[in-house]
Amino acid sequence: MPPLEERDSRPPEAPERSHGQRMAALERANGIRSARARLKRDLKAGRASIHDLLQAPPDYVATAKVFDMLLAVPKYGRVKANRVLQQCRVSSVKTIGGLSERQRRELIERLRA
């Protein structure tokens, strides 16, 4: 390994992508954001269930934080959402796709109580 002074201190560059590739990625990201926003509105209005969401999350929610989804549930604010996550031993930065089966099961049981 080279000494510290010889190492390149520049941040790594993003891979080269064509304009078409960047636009396709932007379109995909905007589609995911729109679908998540729609889901949060449905959770807030009671048209969607957090239990169903946690049991069988759609692909576009896999990288969403559990904390952010809990905030969309009626009567759940930051304090209550953090308390539920702590009781279920789930980090506040955990994504829905990253939940273990134990965490998923405990969250569903806690949210039903």
Side-chain angles (χ1 to χ4, degrees):
M1 181 174 259
L4 280 176
E5 57 271 359
E6 291 183 21
R7 289 188 200 166
D8 192 5
S9 61
R10 292 179 295 171
E13 293 182 21
E16 294 262 340
R17 292 201 167 99
S18 70
H19 180 71
Q21 287 174 319
R22 288 196 309 265
M23 295 314 291
L26 179 63
E27 188 173 319
R28 183 173 171 264
N30 284 335
I32 289 172
R33 288 185 194 110
S34 297
R36 282 186 192 167
R38 196 174 325 113
L39 178 61
K40 286 180 181 178
R41 281 193 302 270
D42 289 347
L43 282 171
K44 197 165 279 289
R47 293 186 295 263
S49 162
I50 189 75
H51 312 112
D52 295 340
L53 174 67
L54 290 172
Q55 273 184 330
D59 290 341
Y60 62 86
V61 183
T63 56
K65 291 181 184 166
V66 178
F67 180 77
D68 291 338
M69 289 295 140
L70 285 178
L71 289 180
V73 176
K75 299 182 181 175
Y76 275 80
R78 293 185 170 278
V79 173
K80 197 170 184 179
N82 269 323
R83 187 178 332 129
V84 167
L85 290 175
Q86 283 179 346
Q87 289 169 343
C88 295
R89 294 173 286 159
V90 176
S91 168
S92 61
V93 295
K94 191 75 162 185
T95 60
I96 289 184
L99 287 172
S100 69
E101 278 306 310
R102 178 202 55 84
Q103 291 171 328
R104 194 176 305 274
R105 188 179 54 249
E106 283 186 19
L107 272 172
I108 291 170
E109 289 172 9
R110 179 73 59 187
L111 293 169
R112 286 198 173 150

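None of these values were measured; they are calculated from a predicted model.
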Problem - ILVMFWY clustering at 4.5 Å (side-chain atoms), partners of Val93 - result: none
In residues 59-87, what donor-acceptor pairs under 3.5 Å come from side-chain atoms, sequence neighbours left out?
residue	atom	partner	partner atom	Å
Thr63	OG1	Arg36	NH2	2.4
Asn82	ND2	Arg78	O	3.3
Gln87	OE1	Arg110	NE	3.4

Report, one line per pair, each donor and acceptor closer than 3.5 Å where one atom sits in a side chain of residues 14-25; sequence neighbours left out.
residue	atom	partner	partner atom	Å
Ser18	OG	Gln21	N	3.2
Gln21	OE1	Ser18	N	2.9
Arg22	NH1	Arg17	O	3.0

Side-chain atoms of residues 47-58: list all donor-acceptor pairs with protein atoms under 3.5 Å, sequence neighbours left out, distances to 0.1 Å.
residue	atom	partner	partner atom	Å
Arg47	NE	Asp42	OD1	3.0
Arg47	NH2	Asp42	OD1	2.9
Ser49	OG	His51	N	3.1
Ser49	OG	His51	ND1	3.2
Ser49	OG	Asp52	N	3.4

Handout entry: Results of side-chain contact (heavy atoms from CB on, under 4.5 Å) for Arg28 - residues two or more places apart only
Key = Ile32
Exercise for the section: Would you indicate whether the side-chain heavy atoms of Glu27 and Asn30 approach each other to under 4.5 Å? Expected result: no
Exercise for the section: Mind jotting down which residue pairs meet the salt bridge (Lys or Arg N to Asp or Glu O under 4.0 Å) criterion with at least one end in residues 91-101? Sequence neighbours excluded, please. Expected result: Glu101-Arg104
Problem - Gap separating the CG atom of Leu107 from the CZ atom of Arg102, nearest 0.5 angstrom - result: 9.0 Å
